[in-house]
Amino acid sequence: MDVDPVILSRLQFAFVVAFHFLLPAFTIGLASYIAVLEGLRLWTGKEVYLRISTFWIRIFAVSFGMGVVSGIVMPFQFGTNWSRFSDAAAEIIAPLMAYEGLTAFFLEAGFLGVLLFGRQRVPQWVHFVAAVMVAFGTLLSTFWILVVNSWMQTPAGYTLVDGRFFPADWIEVIFNPSFPWRFLHVVTAVYLTTAFTVIGVAAYYLRQGRFVQESKVMMTMGLLLAAVLVPAQALLGDAHGLNTLTHQPQKLAAMEGIWETRGGQPAVLFGIPDASAETNRAEIAIPKLASLYLTHDWNGVVQGLKDFPPEQRPPVAPVFFAFRLMVGMWAVMLLITVWGGWLGWRRRNVASPLYLRACTLAIPTGYVAVTAGWITTEVGRQPYVVYGLLRTADGVTPTLAPGDVMVSLALYAAVYSVVFGAGLYYLVKLVRAGPGELRHAAEPGPEQRPARPLSAADVEI
Amino acid sequence: MAIDLVPVWTVILGFAVFMYVLLDGFDLGVGILFPFAPGDAERTLMMNSVAPIWDGNETWLILGGIGLFAAFPLAFAVIMPALYYPILFMLLGLIFRGIAFEFRLKAKSGRKWWDRAFFGGSLVATFSQGIVLGAFVQGFEVSGRQFAGSNLDWMRPFPLAVGAGLVVGYGMLGATWLLMKTEGDLQRWAGAKARACLIGVLAFIGMVSAWTPFLQPGIAERWFSWPNLLFLAPVPVVTGLIAWWLWDSLARGREVAPFLAAMGLFLMCYLGLGISVWPNVVPHTISLWDAAASPKSQAFLLVGTLFLVPIILMYTGWSYWVFRGKVRAEAGYH
C-alpha cells in the first residue's frame with residue numbers, strides 16, 4: 001500500500017492541472033488573436049474586425065474567468081499533497097510561481113478591465129494597447145510557469161544542501177537547458193489550439209450560411225497562421241526532442257519505444273511496449289529512421305531503455321502512446337491546413353461542406369495535443385519530481401493515507417464536472433449565438449462591472 | 001545580504017491575509033445571509049452589491065497562499081498537510097460559489113439551484129477558514145521538517161468552535177456591508193441581522209479569548225505575565241469600545257459606521273491572534289526566522305512584489321470608488 005498515496009496524488013494533480021490547462025491553452029492564443037484583430041481594426045478601420053474581436057472577447061472573458069477559478073486550487077496542491085517536495089524545492093520554485101500569480105493579477109487588475117468593458121470609454125488606440133498588454137501578460141504568465149516546469153525537468157543554477165535546493169544563480173535557474181525549446185514549443189502549441197478553434201467555429205457558421213463575412217476572415221486568418229505554425233511546430237518539436245535526448249535520455253527512449261542501445265535505430269510507428277519483457281509487441285518500424293532524425297546520421301547510436309536500471313525508467317507505455325497521440329493530432333492539423341490551402345488556391349473554400357465539417361470536427365485537436373504532450377513530458381520525467389535528483393515518491397506528504405486522496409480526488413471530480421460542465425455549456429451557447437446578433441447587447445451600460453471577466457458575456461443561460 | 005527581510009515579508013504576508021479576511025469576509029457573509037433574505041428581488045440586490053469586487057477579493061487568498069510558500073516555505077510544508085481537508089473544502093466551496101455567482105446572474109431558469117450553491121459554497125468556505133484558523137492557533141504536531149499528526153486533528157472542539165464563530169463574524173461583516181450599500185426594507189433587514197450577528201460575535205470572542213490561553217501555556221504567559229498584562233490591556237479594552245460603537249451606531253441607524261466598526265472588531269481579533277502566536281509562523285513550534293526562505297529567494301521575489309502589489313492595491317481602491325453608493329434595482333446587472 002506504500003505507493004498508493006503517491007499514485008493517487010499524482011492522479012489528483014494531473015486531474016486538476018489537466019482541466020485547468022485546457023483554459024489557458026485556449027486563452028493565451030486567443031489574447032494574441034484579439035490583439036491582432038484590434039490592431040487590424042485600428043489600421044484598416046474595417047468594421048468586420050471589430051465584430052470578430054467583440055465576439056471573441058466575450059468568449060475570452062468566460063474562459064479566462066473559469067481559468068482563474070480553477071487556478072486557485074493549483075498552488076495549494078503543492079502543500080497539501082507534495083509537502084516534502086515543497087520543503088525541498090520551495091526556495092526555487094515558489095518565488096517563480098509567485099511571479100506567475102502576481103503577473104496574472106497585475107494583468108487582470110489593469111488591462112483586462114479596459115479590454116472587456118472599456119471599448120466605449122477609451123480611445124480606440126488605448127483599447128488596442130490594452131489588448132496587446134493582456135496578450136503580453138498571458139505570455140508572461142506562460143513564461144514563469146514553464147520556467148518552473150522546465151526547472152523540474154532540467155534543474156540548473158541550484159545548490160543542494162541537506163536534500164534542499166537553494167538558488168545559486170537565478171539566470172541559470174530561469175534559463176535552464178530545456179526552458180527555451182519548451183517555451184517555444186508550448187507557445188506554438190497553444191497558438192495552434194486557438195487557430196484550430198477559430199477555424200472550426202468559422203467553418204460551423206459557414207456551413208450554416210451565417211456570419212459569412214466574419215467567418216471568411218476568421219478562416220483565412222486561422223489557416224494563414226496554421227500554414228506558418230504547423231510546419232514550424234515540426235521543427236520546434238524536433239529541436240525540443242533533441243534537447244530531451246541530451247538531458248533526459250530515458251524519457252526520449254520511452255517516447256520512441258527504444259529498448260536496445262545501438263546504431264541505426266528504427267523509428268517505431270506502432271507497438272505495445274511491454275516493460276516486463278523489455279520489448280515492444282506488434283511493432284511496426286522503419287529501419288534506421290530514428291537514428292537519422294535523432295542523430296542526423298543513418299547509423300548514429302541512440303541509447304535504449306535497457307541502459308538504465310529499471311528503477312530509473314519512466315513508465316514506458318503512457319509516454320509512448322501519449323507522444324504518438326500528440327504527433328497524430330499534429331498530422332490532422334497538417335491535413336486540415338494543406339487541404340484548406342489547396343481549396344483556397346482553387347477558390348472553393350466555402351463550397352466544400354465536407355471540408356467545413358472536417359474543420360469543425362478538428363476543434364479538439366489542439367486540446368488533445370497539448371494534453372498528450374504534457375502527459376509525455378511529465379510522465380516521461382518519472383520516477384523523479386526533480387529530474388535525477390528527487391524521486392516523486394519522496395516528494396509526497398508523509399501523513400497522507402490513500403483514503404484521504406481518494407476522498408479529495410472524488411470531490412474534485414464531482415465539483416469540476418458541475419463547474420466545467422456549466423462553463424462548457426455556456427461557451428457553446430455563446431458560440432451558437434455568434435458574432436452578429438449581440439453586437440449591441442455587448443456595449444456596456446454605466447452599471448457594467450469591471451474586474452469580473454465572466455460578466456463581459458451577457459447571454460442568458 | 002545585510003538586511004533581514006523576514007520582518008518585511010511578515011508585514012506583507014500579514015497584510016495580504018488580513019486584506020483577504022476583510023474583503024472576502026464581507027462577500028462570503030453576504031452569501032451566508034443569502035437564504036434568509038426577504039425575497040428574490042432582495043437576493044439579486046445583495047448579489048449586485050458585491051458583484052463588481054468579489055473576485056478581486058479572492059486575489060488576496062492566492063497572494064497569501066503563494067506568499068507563504070515563497071517567503072516561509074517550511075510553514076507552508078507543515079501547515080498545508082495538517083489542514084488537508086479544511087483547505088480542500090474551502091477551495092471547493094470557493095469554486096462552487098464563484099461559478100454559482102456568475103451563473104445565477106445569467107440564469108433564466110434554475111435560479112433556485114444556483115442560490116443554494118451560492119449559499120452552500122459560502123458557508124462551507126467560511127466554516128473551513130474558521131477551522132483553518134482554529135487549528136492554526138491550537139498548533140500542529142511537527143517532526144523534523146514535516147507535519148506528524150493526523151489528517152483529522154482539526155476535528156477538535158476549538159477549531160470547530162472558531163469555524164462557527166467565523167460564520168457569524170462574516171455574517172456580521174456582510175450585514176453591515178449591506179446596511180451601507182442598500183436602502184429601504186432590505187437595509188432594515190440587514191440592520192436586524194447585523195445586531196443578531198454582533199451578539200453572536202461577542203459571545204464567540206469572549207469564548208475564544210477565554211479558551212485560547214488554556215490551549216498552550218505559552219499563550220497564557222504571553223497575556224498574563226507582568227508587564228505584558230499592562231501593555232496588552234488596551235487590546236481587550238479597545239475591542240470592547242469598538243463593540244459598543246458598533247452596537248450604538250446600529251441603534252442610531254447609521255449606515256457607514258457599523259461597517260467600519262465591524263472591520264475594527266476583526267482587526268482587534270487579528271491583533272490578538274498575532275500577539276498570541278508571535279514570533280512563530282507555525283504556532284508553538286516554528287518561528288518566522290526558522291521557516292523563512294533564504295535571503296536570496298526572499299529578495300528575488302521582493303523586487304516584483306514591491307512593484308506589483310501597490311498597483312494591485314490602487315486598482316482595488318479604484319474599483320471600490322467606481323462602484324460606491326447604493327445598489328438599486330434598476331441599475332442591476334442584466
Side-chain angles (χ1 to χ4, degrees), chain A residues 65-66 68-73 75-76 78-81 83-84 86-87 90-92 94-95 97-99 101-103 105-106 108-110 113 166-167 170 397-401 404 407-408 411-412 415-416 418-419 422-423 426 446-455 457-461, chain B residues 51-56 58-59 61-63 65-67 69-70 73-74 76-81 83-85 87-88 91-92 94-96 98-99 102-103 105-108 145-151 293-294 296-297 300-301 304-305 308-309 311-312 315-316 319 322-323 331-334:
Chain A
M66 283 167 55
V68 171
V69 169
S70 58
I72 295 178
V73 172
F76 290 97
F78 284 85
T80 51
N81 292 66
S83 68
R84 276 188 291 177
S86 294
D87 181 44
E91 303 258 355
I92 288 180
M97 284 171 59
Y99 267 111
L102 282 170
T103 312
F105 292 133
F106 172 65
E108 187 176 359
F166 290 87
W170 280 110
T397 299
T399 46
L400 272 188
D404 295 326
V407 169
S408 57
L411 285 173
Y412 276 120
V415 170
Y416 275 40
V418 173
V419 167
Y426 191 60
E447 76 285 1
Q448 279 282 21
R449 331 288 198 181
R452 286 175 56 234
L454 271 168
S455 64
D458 48 9
V459 174
E460 286 191 325
I461 288 178
Chain B
I53 37 161
W54 76 269
D55 67 345
E58 285 182 6
T59 305
L61 177 64
I62 308 195
L63 290 183
I66 300 186
F69 188 18
L74 180 57
F76 184 81
V78 168
I79 294 172
M80 292 293 151
L83 300 170
Y84 191 83
Y85 284 107
I87 296 268
L88 171 73
L91 292 172
L92 293 175
L94 289 176
I95 293 177
F96 226 72
I99 295 295
E102 297 296 343
F103 286 128
L105 292 170
K106 295 184 201 321
K108 264 191 289 201
R145 300 179 62 85
Q146 289 292 329
F147 170 63
S150 134
N151 281 329
S294 64
K296 201 160 181 164
S297 289
F300 175 69
L301 184 58
T305 306
L308 292 169
V309 168
I311 297 177
I312 294 174
Y315 174 78
T316 306
S319 60
V322 166
F323 295 105
Y333 183 88
H334 51 266

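Side chains are part of it too, since the values below use all heavy atoms of this structure and drop only hydrogens, waters and symmetry mates.
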Nearest atoms (heavy-atom pairs only) where [X] meets [Y]:
X        : Y        : answer
B/Ala77  : B/Gln146 : O-OE1, 4.0 Å
B/Ser297 : A/Pro167 : OG-CG, 3.4 Å
B/Met80  : A/Gly79  : CB-C, 3.3 Å
B/Phe147 : B/Val78  : CB-O, 3.5 Å

Practice task
Let me know if A/Thr399 has heavy atoms under 4.5 Å from chain B in its side chain, its backbone, both or neither.
Solution key: both

Handout entry: A/Tyr99 portion near chain B, given a 4.5 angstrom heavy-atom threshold
Key = both

Exercise for the section: Measure distances from B/Ile95 to the heavy atoms of chain A and classify the residue's part below 4.5 Å as side chain, backbone, both or neither. Expected result: both

Exercise for the section: With a 4.5 angstrom heavy-atom cut-off, could you sort out which part of B/Ser150 is near chain A: side chain, backbone, both or neither? Expected result: neither

Most contacts with chain B, counted as non-hydrogen pairs under 4.5 angstrom, among [options]:
options                               : result
A/Gly423, A/Ser86, A/Gly101, A/Ala401 : A/Ser86
A/Val407, A/Ile72, A/Val415, A/Asp404 : A/Asp404
A/Val418, A/Leu411, A/Leu400, A/Asp87 : A/Asp87

Completion exercise
chain A shares the most heavy-atom pairs under 4.5 Å, among B/Leu61, B/Leu74, B/Ile62, with B/Ile62

Completion exercise
Of the listed B/Asn151, B/Val309, B/Leu308, the one with the largest count of heavy-atom pairs under 4.5 Å with chain A is B/Asn151

Handout entry: Check: A/Glu91 side chain, B/Ser294 main-chain N or O, donor-acceptor pair, under 3.5 Å
Key = yes

Practice task
Give me the ring orientation class for A/Phe78 and B/Phe69: parallel if the planes are under 30° apart, tilted from 30 to 60°, perpendicular past 60°.
Solution key: tilted

Exercise for the section: Under the side-chain hydrogen bond (donor to acceptor under 3.5 Å, both in side chains) rule, what do A/Ser408 and B/Tyr84 come out as? Steps first, then yes or no, please. Expected result: CA-CA 9 Å; A/Ser408 57; B/Tyr84 191 83; 2.7 Å; yes

